[in-house]
Amino acid sequence: MQQWSPEKIKAFQTTLLTWYDREKRDLPWRKDHAPYHIWVSEIMLQQTQVQTVIPYYQRFMATFPTVADLATAPEGELLKAWAGLGYYSRVRNMQKAAQQIMDDYQGDWPQTAAELEKLAGIGPYTAGAIASIAFNEPVPAVDGNAFRVFARLFEIDADIAKPQTRQLFYNVIKEVIATDRPGDFNQAIMDLGSSYMTAKNPDSAHSPVRDFNQAYLDGKELDYPVKSKKPRPVPVNYFALVIKTPTGYLFEQRPRTGMLGELWTVPLLKWSDLAENAADLLLPDLVTLVTQQFTENTQIKLALGLLGGRPVTHTFTHQKWLITLLYAELAVTPELSYFPGKVVAPADFATIAQPKVQLKIWQRFEQISEH
DNA sequence: CACGCGTGGGG
DNA sequence: TCCCCAAGCGT
């Protein structure tokens, strides 16, 4: 890794910011520097692409215009606003932080990265982004773009998948950040990382900072950043129970902790929870087990039928779900005192927050029932 | 520190 | 189809 002279640092800042002033993207959260706007956009943008975020951001701002609105919003409304975005703990933490701001800071935002990091859901990256963009504090905002851009500029070969590597990049960026325009500097790095200096098909030949890009100049651009691989998702088999009653379909709310916390799905049963040796059993035997277990746990008598076709698949970061659909029709709406869920008519589906995997299950069920 | 936590897009 | 990537954080 190399060292830059003060003159080179100054030239880099000028080149980068001149380009940013001319080419910066026109994004909904760039209309002003209100910390609430910056914050909501930064949380949504965690591990999520700009094009996905834009419509969610606009709906969210229309629904919860201020941090005070967010602090007092019913949790169901929050989850509905977030449904489909993923990483649902983000929105619960955001409401916690909104309440911290109202209660601990009397509605006035803390203005330094160190203070911002005390708020729920705000880590080192988001604290740096808000502090620099909204409050002009000269601190780095080290996200995936910054890792990639600076790894190439300086040929840094530390593994960016390792937590300790963050400090190394933080120190490098601290030396080159434009202290008079830290927010614009950090955002310019992000724009650079998503245009000329992308992970896969970079176009460094036309990049405004081409001459500063040591990895490109050495013809080794794609060797950076160094990042260790993650294990592939493990397959997990489920049954989805589509249970029709005279007044609608049976839904249950997932537990607060764990995957898809507090979102609503039709009852999902993991094969491995049905029997120790579930993997060795035949499908009809598994269906019998589901029927017995569901009836025992809920006092709802079922005669489940297997719906045909290949399983519905849905891949998460660490798991690939293979979901086989089962169907039952009840003559009367059951007593639900033993069942942690409710019956929802299709017309009311929009009143509950559903994850994408549930939408896939429903789509498949509709396809099957048309025939 | 390693891992859990969603989803969509592109090669 | 599979793999990687995308403005990370909490535990």
Side-chain angles (χ1 to χ4, degrees), chain A residues 24-25 27-30 37-57 79 82-94 96-97 116-130 132-133 140-149 159-167 169 183 185-195 197-202 222 225 227-236 254-263 265 310 313-322 353-360:
Chain A
K24 68 180 171 192
R25 288 174 290 178
L27 299 168
W29 46 88
R30 286 185 175 173
H37 297 161
I38 305 302
W39 174 49
V40 172
S41 70
E42 291 299 343
I43 300 295
M44 287 187 169
L45 285 161
Q46 289 171 8
Q47 305 292 289
T48 310
Q49 295 182 347
V50 167
Q51 291 312 314
T52 304
V53 164
I54 288 174
Y56 279 92
Y57 176 83
L79 281 170
W82 209 267
L85 253 192
Y87 287 145
Y88 297 97
S89 64
R90 287 185 292 178
V91 71
R92 285 192 294 272
N93 282 330
M94 214 163 45
K96 259 187 230 163
L116 287 162
E117 247 189 275
K118 296 178 183 171
L119 300 173
I122 297 186
Y125 162 72
T126 307
I130 299 172
S132 64
I133 299 170
V142 190
D143 71 333
N145 287 304
F147 275 129
R148 184 171 58 259
V149 168
D159 183 355
I160 67 168
K162 300 230 175 295
Q164 61 194 38
T165 303
R166 164 178 300 279
Q167 188 62 44
F169 278 78
F185 181 93
N186 285 332
Q187 292 181 92
I189 295 298
M190 297 179 210
D191 278 18
L192 202 54
S194 57
S195 57
M197 295 184 69
T198 50
K200 284 190 180 162
N201 292 309
L222 293 180
K227 187 178 185 182
S228 53
K229 284 186 197 168
K230 295 192 175 160
R232 50 181 294 178
V234 292
V236 184
R254 296 180 59 81
R256 183 181 189 80
T257 55
M259 292 185 62
L260 310 175
E262 294 196 315
L263 276 78
T265 67
R310 56 197 167 69
T313 63
H314 188 79
T315 305
F316 301 93
T317 310
H318 295 287
Q319 295 177 8
K320 177 176 182 175
W321 286 9
L322 302 153
Q354 302 176 39
K356 289 290 178 183
V357 63
Q358 170 57 36
L359 301 183
K360 281 192 191 175

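In what follows, every chain begins at residue 1, and chains take the letters A, B, ... in the order their sequences are listed.
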Counting any heavy atom closer than 4.0 Å, what does A:Ser89 reach on the DNA or RNA strands: base, sugar-phosphate only, or nothing? nothing

Please tell me which of A:Gln187 and A:Lys320 maps to the more 5' nucleotide of DNA chain C, matching each residue to the nucleotide holding its nearest heavy atom. A:Lys320

Quick one: list whatever passes salt bridge (charged side-chain N to carboxylate O under 4.0 Å, His left out) with A:Arg30, sequence neighbours left out. A:Asp191

Main-chain N/O of A:Ser194 paired with A:Thr198 side-chain donor or acceptor, under 3.5 Å: no

Range on DNA chain B touched by chain A - first to last nucleotide, heavy-atom distance under 4.0 Å: B:dC1 to B:dG11

Which part of the nucleic acid, if any, lies within reach of A:Gly84 when heavy atoms closer than 4.0 Å are counted: base, sugar-phosphate only, or nothing? sugar-phosphate

Does any non-hydrogen side-chain atom of A:Trp321 lie less than 4.5 Å from one of A:Met259? yes

In whole angstrom, what separates A:Lys96's NZ from C:dG10's P? 9 Å

Students often get this wrong, so: under 4.0 angstrom with heavy atoms, is A:Val50 touching a base, only sugar-phosphate, or nothing? base

Quick one, which residues of residues 39-46 of chain A touch DNA chain C with a heavy atom under 4.0 Å? A:Glu42, A:Leu45, A:Gln46

Between A:Asn186 (CG) and C:dG8 (P), how many Å, whole number? 13 Å

Using the P atoms only, state how far C:dA6 lies from B:dC5, rounded to an integer number of Å. 23 Å

Using a heavy-atom cut-off of 4.0 Å across all strands, would you classify A:Ala129 as base, sugar-phosphate, or nothing? nothing

Side-chain contact, heavy-atom cut-off 4.5 Å: A:Glu42 with A:Ile133? yes

Are the side chain of A:Ser132 and the backbone N or O of A:Gly128 linked by a donor-acceptor pair below 3.5 Å? yes

Contact class for A:Trp82 vs. all strands (heavy atom < 4.0 Å): base, sugar-phosphate, or nothing? nothing

Please work out if A:Thr198 contacts a base, only the sugar-phosphate, or nothing of the nucleic acid, heavy-atom cut-off 4.0 Å. nothing

Need one value for A:Lys229: base, sugar-phosphate or nothing, where a base atom within 4.0 Å counts as base even if backbone is also close, heavy atoms only. sugar-phosphate

Taking it one step at a time, do A:Phe169 and A:Ile160 satisfy side-chain contact (heavy atoms from CB on, under 4.5 Å)? CA-CA 9 Å; A:Phe169 278 78; A:Ile160 67 168; 4.1 Å; yes

A:Tyr87 OH to C:dG8 P: how many Å, rounded? 10 Å

With DNA chain C as reference, determine whether A:Leu119 or A:Gln49 sits nearer its 5' end, using the nearest nucleotide of each. A:Gln49

With distance as the sole test, does A:Thr165 use its side chain to make a donor-acceptor pair with the main-chain N or O of A:Asp159 at under 3.5 Å? yes

For atom P, what is the distance between B:dC3 and C:dC4, given to the nearest Å? 16 Å

Could you check whether A:Gly258 gets within reach of a base, just the sugar-phosphate, or nothing at all, counting any heavy atom under 4.0 Å? sugar-phosphate

Residue pair A:Gln51 / A:Ile54, side-chain heavy-atom distance below 4.5 Å: yes

Test item: A:Lys320 side-chain N/O and A:Val236 main-chain N/O as donor-acceptor pair under 3.5 Å: no

Using whole Å, what does the distance between atom P of nucleotide C:dC9 and atom CE of A:Met259 come to? 20 Å

Just to verify, what does A:Gln46 make a side-chain hydrogen bond (donor to acceptor under 3.5 Å, both in side chains) with, not counting sequence neighbours? A:Thr126

Identify whether any heavy atom of A:Ala120 sits under 4.0 Å from a base atom; if not, whether one sits that close to sugar-phosphate; answer base, sugar-phosphate or nothing. sugar-phosphate

For A:Lys118, all residues meeting salt bridge (charged side-chain N to carboxylate O under 4.0 Å, His left out), sequence neighbours excluded: A:Glu115

For the side chain of A:Arg148 and the backbone of A:Gly193, is there at least one donor-acceptor N/O pair under 3.5 Å apart? yes

Mapping A:Lys230 and A:Pro163 onto DNA chain B by nearest heavy atom, which one lands closer to the 5' end? A:Pro163

Would you indicate what A:Leu27 reaches in the nucleic acid, counting non-hydrogen atoms under 4.0 angstrom: base, sugar-phosphate, or nothing? base

Whole angstroms only, please: what is the CD-C1' distance between A:Gln47 and C:dG10? 14 Å

Could you give me the stems involving DNA chain B, meaning stretches of three or more consecutive Watson-Crick or G-U wobble pairs whose two defining distances are both below 3.5 Å? B:2-5 with C:8-11, B:7-11 with C:2-6

Using a cut-off of 4.0 Å on non-hydrogen atoms, how would the nucleic acid contact of A:Arg30 be classed: base, sugar-phosphate, or nothing? base

Determine whether a donor-acceptor pair (N or O, by modelled atom type, separation under 3.5 Å) exists between the side chain of A:Arg166 and the backbone of A:Val142. yes

For A:His318 and C:dG8, give me the distance from atom NE2 to atom C1', rounded to whole Å. 12 Å

Write down the distance separating the P atoms in C:dC9 and B:dG8, rounded off to the nearest Å. 22 Å

Quickly work out the A:Lys200 NZ to C:dC2 C1' distance and round it to whole Å. 11 Å

Look only at the side chain of A:Arg90 and the backbone of A:Ile43, and say whether a donor-acceptor pair between them is shorter than 3.5 Å. yes

Report yes if at least one side-chain N or O of A:Arg148 is closer than 4.0 Å to OP1 or OP2 of C:dA6; otherwise report no. yes

Quickly work out the A:Arg232 CZ to C:dT1 P distance and round it to whole Å. 13 Å

